[in-house]
There are 2 protein chains.
Amino acid sequence: MSTTPTVYDVAERSGVSIATVSRVYRNPDSVRAATRERVLAAARDLGYVPSGNARGLASRSTGILGLCFPDYSDPDAEASEADEEDAAMLYSDQIIRGMERAARRHGYALLIAASLKEGSAESLVAKVAGRVDGFAVLSRTVPTEELEIISRRQPVVMLAGPREDGEHADHLDHIEVANFDGQLELTRHLIDDHGLRRLAYIGSAEESPDVEARFRGYLAACRAAGLDPAHEPGLRARMMTQAEGAHIIDALLARGGPRPEALVFANDQLAVGALHALQERGLRVPDDLVVTGFDGIPLSRLVRPALTTVRQPMLRMGEEAVELLVRRLSGGRDTEPVSLMLPVTVARRESCGCGKPENGDPGVH
Amino acid sequence: MSTTPTVYDVAERSGVSIATVSRVYRNPDSVRAATRERVLAAARDLGYVPSGNARGLASRSTGILGLCFPDYSDPDAEASEADEEDAAMLYSDQIIRGMERAARRHGYALLIAASLKEGSAESLVAKVAGRVDGFAVLSRTVPTEELEIISRRQPVVMLAGPREDGEHADHLDHIEVANFDGQLELTRHLIDDHGLRRLAYIGSAEESPDVEARFRGYLAACRAAGLDPAHEPGLRARMMTQAEGAHIIDALLARGGPRPEALVFANDQLAVGALHALQERGLRVPDDLVVTGFDGIPLSRLVRPALTTVRQPMLRMGEEAVELLVRRLSGGRDTEPVSLMLPVTVARRESCGCGKPENGDPGVH
DNA sequence: CTGAAAGCGCTAACAG
DNA sequence: CTGTTAGCGCTTTCAG
């Protein structure tokens with residue numbers, strides 16, 4: 001009644017040994033049909049469910065892949081919970097979906113855990129790491145050092161570019177997107193096609209190779225056009241959320257001086273927050289000011305004006321991460337670290353002055 | 001090098017017993033600071049990570065909550081993977097997000113697993129059940145019978161209404177939405193406000209109390225208006241996907257006869273599929289035909305014309321599910337089964353003929 | 001094809 | 001505050 005049934009109970013009730021019970025679940029064909037049925041029947045009667053923990057412990061594998069991601073949720077959005085209308089997919093949602101699909105194809109389940117805003121990230125990875133066969137880490141959710149240690153024991157893939165400071169390459173697998181190229185192309189579009197000259201880049205305070213790469217792409221485009229941007233991101237967001245995007249606008253307008261013609265944000269959420277703030281202050285996008293983002297989250301297409309941005313193949317990143325993990329788990333354990341670079345595409349939409357995008361297709365796409 | 005370090009290794013290297021090592025991780029304050037540091041240092045050197053499996057086995061709890069959901073993904077969408085543009089959030093994505101958030105607040109991680117299209121669902125639940133402290137099941141992913149057995153051992157909450165056939169109530173907790181009321185109100189709107197009289201309801205072949213309740217709401221509205229609809233859903237979708245929605249349109253147009261004035265679909269994905277199919281055939285919504293959905297997934301607002309639908313509080317369902325599980329896990333184990341009924345709201349948009357909805361607010365909402 | 005026995009790595013009383 | 005001692009429930013050789 002109160003004690004969960006175990007192999008022993010099932011074994012006893014069906015008159016076999018625990019080994020046989022185990023076999024029935026692990027490799028049914030290795031047991032005579034009659035015996036098997038008897039065991040299964042007993043299990044059903046008892047309400048037996050194999051303990052994943054015991055299994056994992058004994059077999060040293062869980063059939064689970066993991067994902068650690070930062071808490072991207074937007075305080076602002078939370079606040080306006082009038083109705084959960086704004087439930088557009090964020091970056092992490094897409095990665096989750098991609099990973100789940102690929103994991104399922106390979107017979108794995110997915111364990112997801114977001115870093116708590118202030119909590120000890122240590123416990124986070126440790127918790128996940130201890131329960132999965134391998135896992136992915138989104139962005140810099142976890143100190144690289146810790147990951148390197150863990151990766152000695154199980155596959156870890158980082159959903160971000162490798163650190164680039166000199167020679168000290170980590171030994172992790174990486175999946176990144178063409179941050180540099182994408183931001184370069186977008187910026188060039190602003191400069192060449194829209195004739196903008198006074199740009200401002202808004203990066204983030206957190207050290208992220210991806211955001212760095214984007215900034216470098218921005219700089220490269222500026223230099224190529226003979227512009228001389230400040231060498232550091234003019235403004236830095238503390239977090240990459242909508243709320244911060246709005247704050248940036250406050251700061252920008254407060255400081256006076258000549259207003260930039262275009263704000264190039266390091267991600268969509270910042271840009272969207274900025275869009276709202278600008279609108280509240282009576283500034284029109286793109287007429288008074290051009291705004292661009294990066295990521296291509298679905299929300300970027302929902303806002304008005306629709307956000308010009310660089311689209312990352314997020315679903316695919318999730319899938320590739322799983323493929324990589326699975327590959328490592330089945331053999332290729334000690335081949336060289338891999339570093340996949342996925343392509344991006346620039347989405348020219350309204351917020352940069354490109355025509356109403358809801359062209360021909362009246363449908364979803 | 002090759003063998004993962006265990007408590008024993010850490011204990012030996014730091015000159016304490018395994019019990020102390022364990023304490024350091026479980027309850028740091030119960031160990032003298034100096035000792036603790038020594039242990040932690042040894043752990044760091046060795047690259048020690050506690051085994052979740054062993055922990056779970058010994059302590060009979062995992063710190064993980066689970067979710068089983070059906071594979072809602074759309075074959076159609078997969079096909080048109082030209083770019084993963086269409087990555088709007090589906091029902092399950094929202095539930096996942098809601099659960100993950102709430103789980104995080106309570107210190108749990110979330111394990112998600114979708115039923116394979118043809119695979120043995122048995123293995124699915126069993127796998128999840130064996131690895132979590134409690135879990136939620138979306139819709140009828142799993143046979144109720146199996147769930148009842150499992151629920152004798154661990155909390156299970158069903159994200160759907162309870163079966164209603166007579167007295168045989170299952171002993172599970174349920175979280176459902178006001179399907180009947182919602183569909184009733186929407187249908188009444190169609191009849192009263194738009195003057196439509198020739199309606200057709202498209203349900204699904206799968207037995208689902210929720211879909212049943214929606215149909216009953218539809219019927220009630222029809223009867224109240226003196227309409228005499230067929231007593232069964234005129235058309236039944238085999239799955240609730242966009243592809244099926246398109247097929248339904250084919251079937252409808254193929255069979256000739258007087259065309260209905262309004263198609264009332266049992267969920268948004270069907271309705272969206274229908275929208276596309278209708279458009280391809282040159283029929284205009286809502287002018288030639290009114291279409292409505294149910295769920296209120298973000299996609300419903302994205303399509304053109306925007307879909308009139310009944311909005312479920314999906315995020316909240318996920319959160320409530322976790323709250324319920326957590327409550328059960330901490331004490332309230334053997335109180336009566338709970339059945340939460342969450343309210344819905346009708347979203348009147350373009351597909352029923354209600355004005356352009358992108359009213360005042362030019363922003364996200 | 002089936003059984004016996006030895007762990008897997010950790011937690012949880014109990015003693016000290 | 002720390003060590004000892006039993007298991008937790010299953011997989012896995014190795015025999016039969």
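Below, chain A is the first sequence line, B the second, and so on; all start at residue 1.
- With axes fitted over five pairs at each extremity, the angle between the ends of the helix from dC1(C)-dG16(D) to dG16(C)-dC1(D) is 20° (10° resolution).
- Side-chain polar atoms of Asp170(A) and Thr144(A) form no donor-acceptor pair below 3.5 angstrom.
- Panel note: side chain Ser330(B), backbone Val326(B); a donor-acceptor pair is recorded below 3.5 Å.
- Take the nearest nucleotide of DNA chain D for Pro5(A) and for Arg23(A): the residue whose nucleotide is more 5' is Pro5(A).
- Regarding Ile18(A), its CD1 atom lies at a distance of 13 Å from the P atom of dT12(D), rounded to whole Å.
- One finds no salt bridge joining Arg152(A) and Glu148(A) here, because no Lys/Arg side-chain nitrogen approaches an Asp/Glu carboxylate oxygen to under 4.0 Å.
- Using a 4.0 Å cutoff to heavy atoms of chain B, the contacted part of DNA chain C runs 5' to 3' from dG9(C) to dA13(C).
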Exercise. For Tyr48(B) and Tyr8(B), what are the C-alpha separation, side-chain angles and deciding distance, and is it a ring pair (Phe, Tyr, Trp, His ring centres under 6.0 Å)?
Worked result: CA-CA 10 Å; Tyr48(B) 168 75; Tyr8(B) 291 96; over 10 Å; no
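- A salt bridge does not link Asp71(B) to Arg101(A): none of the charged nitrogens lies less than 4.0 Å from a carboxylate oxygen.
- Side-chain contact, Glu323(A) with His106(A): a donor N or O sits under 3.5 Å from an acceptor N or O.
- One finds no side-chain N or O of Tyr8(B) lying less than 4.0 angstrom from the OP1 or OP2 phosphate oxygen of dG3(D).
- Backbone-only contact: Val16(A) has heavy atoms under 4.0 Å from sugar-phosphate atoms and none from a base.
- Side-chain contact annotation: Ser22(B) with Arg26(B), donor-acceptor N/O pair under 3.5 Å present.
- A donor-acceptor contact under 3.5 angstrom links the side chains of Arg328(A) and Thr335(A), judged on distance only.
- Dashed line: the shortest gap from a side-chain N or O of Ser22(A) to OP1 or OP2 of dG9(D) is not under 4.0 Å.
- Here the C1' atom of nucleotide dG3(D) and the CZ atom of Arg32(B) are 14 Å apart, to the nearest Å.
- One distance of note links CD of Glu12(B) with OG of Ser17(B); it measures 13.0 Å at 0.5 Å rounding.
- With hydrogens and angles disregarded, a donor-acceptor distance shorter than 3.5 Å links the side chain of Arg38(B) to the backbone of Ser14(B).
- Rounding to the nearest 0.5 Å places CE of Met99(B) at 14.5 Å from CD of Gln94(B).
- Contacts of residues 50-60 of chain A with DNA chain C (heavy atom under 4.0 Å): Leu57(A), Ala58(A), Arg60(A).
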